[in-house]
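A, B, ... follow the sequence lines: proteins, then strands. Residue 1 opens every chain. Below, all heavy atoms of this structure are taken into account, side chains as well, without hydrogens, waters or symmetry copies.
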2 protein chains.
Amino acid sequence: MPRELIDLLWRDHPAAPRGGARGPQARVSTGAVVEAAMRLADAEGLPAVTVRRLGEVLGVSAMSVYTHVNSRDDLLVLMADAAFAAMPLPEHGSAGWRTRVRRVADANLALLGERPWLLEIDDDRTAFGPGTIAKYDHELHALDDLPLDDVARDAALTFVLDFVRGAARAQRPDPRADEMPQAWARWAGRLAEYLGDDHELARRVGGAAGAAMNAPSSPTHAWTYGLERVLDSLTPPAER
Amino acid sequence: MPRELIDLLWRDHPAAPRGGARGPQARVSTGAVVEAAMRLADAEGLPAVTVRRLGEVLGVSAMSVYTHVNSRDDLLVLMADAAFAAMPLPEHGSAGWRTRVRRVADANLALLGERPWLLEIDDDRTAFGPGTIAKYDHELHALDDLPLDDVARDAALTFVLDFVRGAARAQRPDPRADEMPQAWARWAGRLAEYLGDDHELARRVGGAAGAAMNAPSSPTHAWTYGLERVLDSLTPPAER
DNA sequence: ATAAACCTTGTACGGCGTACAACGTAAGAT
DNA sequence: ATCTTACGTTGTACGCCGTACAAGGTTTAT
């Protein structure tokens with residue numbers, strides 16, 4: 001383990017350990033590896049991010065990647081933090097907490113829409129990265145005007161971000177989308193037979209929800225509706 | 001593809017296609033494979049569920065597993081549906097919607113606490129399984145007393161279940177838990193150096209949240225508090 | 001000139017999911 | 001009673017994966 005993950009996360013910080021001057025100059029840098037990995041994930045999804053493939057893209061052997069990144073698991077942490085670091089963190093200005101939180105939620109939904117592979121990275125060590133911390137700080141400040149102690153403030157932000165995560169998961173395109181029409185054609189009849197008259201409510205609501213899902217304007221509706229519910233739930237008793 | 005996933009999901013239904021009578025009697029059944037896989041996942045996590053390992057546990061060759069299950073991806077769907085099917089679905093009785101929804105949330109949190117590997121299975125085809133459909137129907141009925149149309153009812157349930165999912169994710173034990181103390185010992189100093197005086201709010205709130213996380217009573221607190229917020233958000237305007 | 005530190009590389013190991021073909025077995029057809 | 005057909009089981013093999021290891025090359029510090 002030549003350089004610790006925490007130092008790789010903070011590799012752009014002045015106090016980060018530079019590589020010793022000896023030996024040949026590195027052909028690629030940690031940053032370059034992370035960027036290439038993100039391009040790959042953006043284009044083909046996280047499973048396409050393999051060490052061999054990365055080496056190929058970078059014009060370097062597979063094992064050389066490990067000089068800059070320690071392990072694939074570490075790489076995923078670096079990717080997630082870099083994705084957060086790339087988020088714009090616009091000043092909250094004089095907007096009230098409701099608009100602030102709405103903006104935070106929108107920004108996170110946009111991020112997860114552009115980089116759905118973030119939903120597949122679930123490593124607590126991401127919390128130590130500069131991008132993640134800066135984002136966390138910024139988003140906590142969206143709640144400045146609410147009467148929350150520190151623990152409740154963290155809980156409230158988590159609450160909002162978990163909602164966003166759920167919405168992003170629902171909106172994410174199914175990788176099996178192309179096969180589903182045929183599968184459905186084969187399955188619809190059988191499923192109807194199995195279901196018979198049971199679960200009438202589930203059949204009706206599921207059908208309605210499915211139809212709404214395919215309607216063009218619907219995801220927006222479910223999102224805005226749900227988000228307003230989230231905002232309502234944050235409203236302090238005094239304002240109700 | 002000898003038998004379709006949908007038929008395997010409904011394998012206990014009277015109308016499900018039985019295997020033809022010819023040939024030797026199968027040494028294991030689809031149900032047995034799924035049960036073994038669930039035991040394995042319960043004991044050692046989802047990555048331990050490999051085809052070779054399953055064959056070993058079942059006393060059968062690896063390839064023989066494919067006679068009963070088509071593919072590993074299909075197996076995961078069967079496991080998830082079986083887990084839902086095993087949930088108790090107690091009558092809602094005369095309880096009001098608030099208690100009903102609370103019970104639904106509690107039951108789901110308990111399920112995801114017992115079988116955290118469910119969080120790692122994300123396949124839309126699970127929705128066609130009998131266990132999943134029965135659960136869906138039951139949980140929709142928890143919202144009977146609320147003035148919601150079909151689409152909104154589905155959205156409301158998703159809202160609740162996504163909240164539960166987020167809570168379960170947070171409570172899930174980190175598989176890296178044993179290494180973290182040492183890593184933290186190595187990292188704490190460096191991180192403090194990197195952070196300096198920046199992000200004061202994040203440092204304070206993160207510290208408080210982290211401390212609360214380690215306190216014994218806290219997960220319960222965050223859960224009940226958040227759940228009440230969710231319930232509040234479902235309250236129709238007329239009742240406010 | 002020598003030594004130390006560093007990057008790069010090829011090979012190899014043990015895992016994974018699963019395609020394929022050979023073989024055995026039991027029931028239906030004759 | 002024999003043959004045929006459908007099915008279950010198995011071993012082998014392919015192409016992936018992450019990565020341990022050791023050898024070799026390159027640069028700077030001594």
Side-chain angles (χ1 to χ4, degrees), chain A residues 1-5 7-8 11 17-33 36-37 40-41 44-79 120-121 123 175-176, chain B residues 1-5 7-8 11 17-33 36-37 40-41 44-79 120-121 123 175-176:
Chain A
M1 203 94 79
R3 269 143 92 202
E4 293 263 13
L5 174 60
D7 296 321
L8 294 182
R11 62 193 178 276
R18 299 270 154 273
R22 261 188 271 222
Q25 179 165 306
R27 305 237 302 266
V28 297
S29 65
T30 300
V33 172
L40 219 40
E44 306 181 34
L46 208 52
V49 179
T50 72
V51 179
R52 284 170 176 83
R53 188 78 192 282
L54 264 177
E56 198 177 317
V57 166
L58 291 164
V60 128
S61 82
M63 287 314 293
S64 193
V65 171
Y66 286 103
T67 304
H68 311 284
V69 118
N70 295 337
S71 73
R72 185 177 188 271
D73 278 3
D74 280 19
L75 173 62
L76 297 186
V77 172
L78 295 172
M79 290 169 67
E120 299 170 52
I121 301 180
D123 192 313
R176 248 175 283 266
Chain B
M1 205 94 76
R3 269 142 93 202
E4 293 263 14
L5 175 60
D7 296 321
L8 294 182
R11 62 193 178 276
R18 298 271 155 272
R22 266 191 267 223
Q25 178 167 303
R27 305 236 303 265
V28 298
S29 65
T30 300
V33 172
L40 218 41
E44 306 182 33
L46 208 53
V49 180
T50 71
V51 179
R52 285 170 175 82
R53 189 76 191 283
L54 264 177
E56 198 177 319
V57 166
L58 292 164
V60 129
S61 82
M63 288 315 292
S64 193
V65 171
Y66 286 102
T67 304
H68 312 285
V69 118
N70 295 337
S71 74
R72 186 177 187 271
D73 278 3
D74 280 18
L75 173 61
L76 297 186
V77 172
L78 295 172
M79 290 169 66
E120 298 169 53
I121 302 180
D123 193 312
R176 248 176 283 267

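The two residues A:A62 and A:V51 make their nearest non-hydrogen contact at O-CG1, 3.4 Å. Across all non-hydrogen atoms, the minimal contact from A:R53 to A:E44 is NH2-OE2, 2.8 Å.
Side-chain atoms of B:R3 do not come within 3.5 Å of backbone N or O of B:N70 as any donor-acceptor pair. Side chain of B:R27 to main chain of B:G59: a donor-acceptor pair is present (N/O by atom type, distance under 3.5 Å, no hydrogens or angles).
By the 4.5 Å heavy-atom criterion applied to side chains, A:V49 and A:L54 are counted as neighbours. Residues B:D74 and B:V69 fail the side-chain proximity criterion, which asks for heavy atoms closer than 4.5 Å. Using a 4.5 Å heavy-atom threshold, the side chains of A:H68 and A:L58 count as separate.
Taking 4.0 Å as the cutoff to heavy atoms of chain A, we find the contact window on DNA chain C bounded by C:dA4 to C:dA12.
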*In B/S/- notation, 5' to 3', how is nucleotides 1-10 of chain D contacted by protein heavy atoms closer than 4.0 Å?*
----BBBSBB
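The overall bend of the helix from C:dA1-D:dT30 to C:dA27-D:dT4, read as the angle between its terminal helix axes built from five base pairs each, is 10° when rounded to 10 degrees.
For the pair A:L75 CG and D:dC17 C1', the interatomic distance rounds to 15 Å; values are reported in whole Å. Between A:E56 atom CD and D:dG18 atom P the separation is 13 Å, expressed in whole Å. Taking atom CZ of residue A:R53 and atom P of nucleotide D:dG15, one finds them 18 Å apart after rounding to whole Å.
Mapping A:R52 and B:P47 onto DNA chain C via the closest heavy atom, the residue that lands nearer the 5' end is A:R52.
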